[in-house]
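So you know, we letter chains A, B, ... as the sequences are listed, proteins then strands, and number each from 1. Values below: all heavy atoms of this structure, side chains included; hydrogens, waters and symmetry mates excluded.
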Amino acid sequence: MLMYSWMKFVEIAPERYDWAVSFITGGRIDRIKDRIADQVRAGDRVVDIGCGTGTLGLRCLEKGAYVTGLDASEFMLEQFRKSAAERGLTERLKLIQASVTQLEKHFADESVDVITSTMVLGEFPREYLDFIFRHCHRILRPGGRLLTADEVWPDTPGRRMIARATMAAFWIPQFLLLRRVTYPISDLEGLIALAGFHIERVDRWPGSSFRLVYGVRPPQFPEAEDTAPMREVTIR
Amino acid sequence: MIRRIRGFLWETFHTLFRNFNFPCDLGLFRIGQPGPHSPVFLSGNYTLVVERLRRALAGVDCYLLVANSRGSNVWCAAGMNEFSEHDVIDAINVAGLAGIVSHRRIIAPPYAAPGVNVRAVQRETGFHIQWGPTHLNDLPRYVGQNFKRTNDMLAVQFGFRDRIEQALANTCCYSMTIALGLLFWPKFVLAVMGMILVAYLFGFAFWYRLPEERGWRHTSTLMLSLSAPLILFGVSRHWTPGAFLQWEATLLGVVLLVAMDACGSTPIYKTTIAHWLRHGDYESLFDPVIDPARCTNCMNCVLVCPKDVFAARRNGARKVVAVHPRNCIDCLACVKQCYDDAFFNRSGQYKGDVKSIPRLHEIMTRDWSHLRAEDKWIDHPTTIRNGLPVVAEAAVEARVLEEARL
């Protein structure tokens, strides 16, 4: 019986999902999404990979962007559609139910200005990420940006140990709330760079394994400034 | 020797904790020396099963495509919408399978059927999903028969070994839940853990010997069988009436826990706790009936049903009908695999733990009154033709059946 109630409790409930993600990340996720949305300008063609219930997509829509939300879950998309309709933002919104590896089927080469993804890629292993980032590179216009926010493994062994301990402590509550175990990504910047992106900036948060990586598809004729060393910003 | 001990410990750990998610690596794995014509088997990334699959497939040159089921077994993951066509498409794309094998066939476990839209997989990748045997120990036989599955490989089984493993795993799960109590009432909590273990082991070991659950008969038999040794033990220890009462109540609690445990899509429990409390049985809520006007005889439901609920009509109308709806275990694989929207539900009730079917509520509760004529197929005799169940309609088939009975 206990297991049954467990299952009942943890089964995917989109209406509780946003709250749960917010709770687990200590509200940080909302601030990250605000920051990503700040990068979006009116008229931009934005693709949100794993858009979920659309908490980021809605922010981009409010900035005047054309947003295409991509998610595998019909239930999540339904939630997104509903909240967009409530705010009267459906005009510039397109929703596609598809897998993350199907990008090139749905978007022509160089047809997108901004690709975003927040807390989605953690469940995929390295080969998947490599595949996804390469396809992102293909569909972005030269100069277009890939904004990825996710948990990453820290670079130093000491921090990695702390991260491991925290993860162990939060494993059960996270599993209970999201029914999903996500793993920190190791060498997120490296993977993005490998796909041909220029890493423009990396935002870190002190005491947290969250990172927001700004990747830019280099313009076709690289200029001198492209070779400038990577800028790292720590935000307090 | 050390390797064997290690293997045993590994197996024990994963068996005890089999109710938890242990995801393993995703990707395309080679078994033996596969070439471009070698078969491709699909699996979720539930560590224990992937390991057992590798063992079952040893000696067969093939590929094993491990797709993302979030570390759950495929049946649970498929129902929970955590193992869908998207995960299969992702796995095919990332592995670049189309460039590795020359054929376009993937052999998948039928337990994936409640979640995977095979038409979408075919449309997006060109790969055709063929349902293999339900249980992985049938794989060598399946391969030996040149990838031809017979009806007996489809039935869901809950064999002795599986039942014992499940008993141990559930005990482990519940013991962990109450482990904190060891600090405060060590003796009592230990005794409860022991009772849970005995109740599960006894109940599952003699599952098919105990009476079927109708009017709580299974549960009461279990309670009485376990009470007897408890009373004997109490008498030998000169328990006071109060102690008797306390331990009997504890035992009742444990037996109720076992009885209500995991009412869900399992081979044995098929219902909800509410239904069990009211009716005292584990009968499935879903009572499938197929609309012949919509059925296109694609046979998908027959090919995925693990309980032989359906049979095909081959005399006159070529349609599929539900002959044993009472066998149903509510996994809803048939509804998911019906691309003609032909399913209706006589009971109007469903469990609701299957999340992988859009508009499920509408399908489950819509009016089926135009299908009353279909009731005549319930418990209609069937026969096996080409390895699949067929309704025995003509006199010829009646004679075949008669001979089979003799």
Worksheet entry | NZ/A:Lys94: more than 12 non-hydrogen atoms of other groups inside 6.0 Å | no

Worksheet item: To the nearest 0.5 Å, what is the distance between OG (A:Ser99) and CG (B:Asn68)?
Response: 11.5 Å

Discussion item. Would you say that more than 12 heavy atoms from the other residues, nucleotides or ligands in this model lie under 6.0 Å from the CD of B:Glu362, or not?
Written reply: yes

Worksheet item: Side chain, backbone, both or neither: which part of B:Ala91 has a heavy atom under 4.5 Å from chain A?
Response: both

Worksheet item: Which atoms of A:Glu78 come close to chain B, meaning under 4.5 Å heavy atom to heavy atom: side chain ones, backbone ones, both, or neither?
Response: neither

Worksheet item: In Å, rounded to the nearest 0.5 Å, how long is the span from CD of A:Glu74 to CZ of B:Arg359?
Response: 11.5 Å

Worksheet item: Quick check: are there more than 12 heavy atoms from other residues, nucleotides or ligands sitting under 6.0 Å from CZ of B:Arg104?
Response: yes

Worksheet item: So, do A:Phe124 and B:Val94 sit near enough that their side-chain heavy atoms are less than 4.5 Å apart?
Response: no

Worksheet, complete the sentence: So CG of A:Leu103 and CG of B:Asn93: to nearest 0.5 Å the spacing works out to 10.0 Å

Worksheet item: Counting only heavy atoms not in A:Tyr66, do more than 12 sit closer than 6.0 Å to its OH atom?
Response: no

Worksheet, complete the sentence: Between the CG atom in B:Asn81 and the CZ atom in A:Phe75, the distance rounded to the nearest 0.5 Å is 6.0 Å

Item to complete: Mind checking the NE2-CD spacing from B:His86 to A:Gln102? Nearest 0.5 Å is all I need.
Response: 9.0 Å

